[in-house]
Amino acid sequence: MNPSPGPVRGSLTDPHRTSGSTALLHVHLKPAAEEAVRTGHPWVFDQGIRKQNRPGTAGELAALYDRRNRFLGLGLYDPHSPLRVRLLHQGTPVRVDDAWWRERLQKAATRRAALFDSQTTGYRLVHGESDGWPGLVLDRYGPVLVLKLYTTAWLPWLESLQSWITGLFHPRNLVLRLSRNIQSLAAQRGAPADGTVLHGPPLDQPVPFLESGLTFEADVLRGQKTGFFLDQRENRRKVESLAAGRAVLNLFSYSGGFSIYAARGGAVSVTDLDLNPHALEAARHHFALNRPQFPNPRTTHHTIRADAFEWLNRAPAASHDLVVVDPPALARQAAERTAALRAYRHLVRQAARLVRAGGILVACSCTAHLRPAEFFELVRETLRHTRTRWRELCLTTQPPDHPAAFPEAEYLKAIYLQAANQPAKP
Ligand code: SAH
């Protein structure tokens with residue numbers, strides 16, 4: 001496939017120049033927002049704006065200025081979100097042209113070049129703000145790339161994005177995914193819908209790919225995120241290394257990723273629990289696909305379709321040797337934090353109850369509104385009130401293909417603890 005030259009959406013950020021017939025959008029910031037931008041933070045909220053020269057449209061480039069009218073940076077304007085400008089560049093003026101964008105994409109690719117061998121063909125190529133592409137991710141599943149947009153600001157850039165991506169990576173397919181909150185806005189603007197194949201032949205089957213030599217399939221058109229939770233790869237590898245001889249329970253399993261690694265690590269049984277029947281069907285399929293790699297041919301696989309919170313309340317105690325708890329984000333907004341903290345404490349307490357003496361608990365959180373240190377402390381504090389003594393094995397955060405360049409981007413964290421062989425004396 002040859003890269004086709006796409007339309008060029010260039011702009012000068014020199015304040016004295018204009019872009020086309022309309023004056024470049026100038027956004028003047030309040031002191032706190034100005035300070036945040038100067039220190040490299042990529043978000044400007046609506047309340048951080050002091051004035052602007054005119055209303056902006058979705059996806060326009062906005063030049064940011066400080067209180068003394070000095071140029072601060074350049075961002076993508078989004079009138080539909082309180083997160084009004086997402087920074088693309090901070091510092092002195094730059095010319096944003098096709099070559100600039102292509103170089104930025106190349107940089108993200110170069111950053112991953114040494115991370116994976118041929119046994120891992122599914123990973124994140126572009127991770128939003130932290131790769132200089134705010135509100136946008138690009139995932140690879142073998143020959144298929146999935147572009148996911150979290151802001152309408154990228155919709156006017158779709159043709160260019162397609163040209164840059166296919167020009168650099170030459171994928172067989174490029175699929176577009178839209179986060180739920182922008183789907184109706186996208187439809188109103190006549191943009192391609194969530195799940196549109198932007199490039200390549202029709203795609204009606206899940207896409208197979210390798211992760212650490214294991215075969216998985218991603219439902220790139222309809223699955224959660226872009227079809228798979230690529231961010232848990234390193235935790236899965238760790239679980240594999242801890243699983244030998246253990247009965248493993250995988251709570252919030254999705255398509256069974258943790259269980260497949262545990263089975264290859266020699267688990268005696270793996271149990272996937274999820275609310276979503278399609279996820280469990282995929283988990284059964286993944287187990288069958290990878291069975292030849294399991295050292296113990298008698299490893300059993302069970303699936304339970306249930307609400308994990310309800311199921312845990314009635315599950316028998318001390319039933320498993322390794323329990324993974326990986327719930328969805330429990331707070332989508334800061335206001336939901338208190339409820340989320342309560343839910344995490346409850347989950348950790350209940351999951352810990354199922355762990356046998358000498359067993360392991362792996363507690364994960366993908367809630368961005370909960371900092372890693374807070375989550376780790378929450379888990380430790382919760383376990384202090386159990387009758388078991390727990391030994392901390394390790395802590396993990398973001399995987400290398402999901403870098404975090406600012407605090408809010410550090411959403412993923414996990415803590416591994418082992419229960420003492422004997423229950424603590426009361
Ligand atoms: N551990 C998974 C990713 C988990 S994502 C992996 O490695 O791939 C969170 C999962 O929780 C989703 O599959 C979702 O369907 C499921 N889920 C959400 N709420 C749930 C609930 N109350 N009970 C059980 N599963 C739930």
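Order of listing sets the numbers, starting from 1, for every ligand and every atom in it. Side chains included, hydrogens not; waters and symmetry mates left out as well; all remaining heavy atoms used.
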Looking at A306, which atoms of ligand 1 are within less than 4.0 Å of one of its heavy atoms? 23 (N), 24 (C)
Relative to the heavy atoms of R236, which atoms of ligand 1 are at a distance of less than 4.0 Å? 6 (C), 7 (O), 8 (O)
Among protein heavy atoms, which lies nearest atom 5 (S) of ligand 1, and at what distance? F229 CZ, 3.3 Å
The protein heavy atom nearest to atom 22 (N) of ligand 1 is D307 OD1, 3.4 Å
Check each of L330, L275, D274 against atom 20 (C) of ligand 1 and report the one with the nearest heavy atom. L275
Can you name the one residue among L312, V362, V355, I360 that meets side chain to side chain contact (heavy atoms under 4.5 Å, CB included) with V323? V355
Near N276, which atoms of ligand 1 are under 4.0 Å from a heavy atom of that residue? 15 (O)
So for A308, does at least one of its heavy atoms come nearer than 4.0 angstrom to any atom of ligand 1? yes
What about the rings of F287 and F294, do their centers lie closer together than 6.0 Å? yes
With P134 as partner, the option from V85, T151, L88 fulfilling side chain to side chain contact (heavy atoms under 4.5 Å, CB included) is L88
For E310 and ligand 1, answer yes if some heavy atom of the residue is under 4.0 Å from a ligand atom, otherwise no. no
State, yes or no, whether a side-chain contact exists between Y261 and R237 at a heavy-atom distance under 4.5 Å. yes
Before accepting this row, confirm whether a basic side-chain N of the pair R380/E377 lies closer than 4.0 Å to the acidic partner's carboxylate O. yes
With a 4.0 Å cut-off on heavy atoms, is P328 in contact with ligand 1? yes
Under a 3.5 Å threshold, yes or no: a donor from one side chain and an acceptor from the other, between T382 and Y344? no
Between Y141 and Y123, does the ring centre distance come in under 6.0 Å? no
Does at least one non-hydrogen atom of S255 fall below 4.0 angstrom from an atom of ligand 1? no
Hey, is R86 close enough to D78 for a salt bridge, meaning N to O under 4.0 Å? yes
Measure the distance from atom 3 (C) of ligand 1 to every protein heavy atom, then report the residue, atom name and distance (to 0.1 Å) of the closest one. D326 OD2, 3.4 Å
Would you say C364 touches ligand 1, if touching means a heavy atom closer than 4.0 Å? no
Residue, atom and distance of the protein heavy atom nearest atom 26 (C) of ligand 1 read F252 CD2, 3.4 Å
Is there a polar contact between ligand 1 and F258, counting only N or O atoms under 3.5 Å apart? no
Could you check if a side-chain atom of L149 sits within less than 4.5 angstrom of a side-chain atom of S179, using non-hydrogen atoms only? no
Ring center gap for W101 and W154 short of 6.0 angstrom: yes
Quick check: N250 and ligand 1, any N/O pair under 3.5 Å apart? no
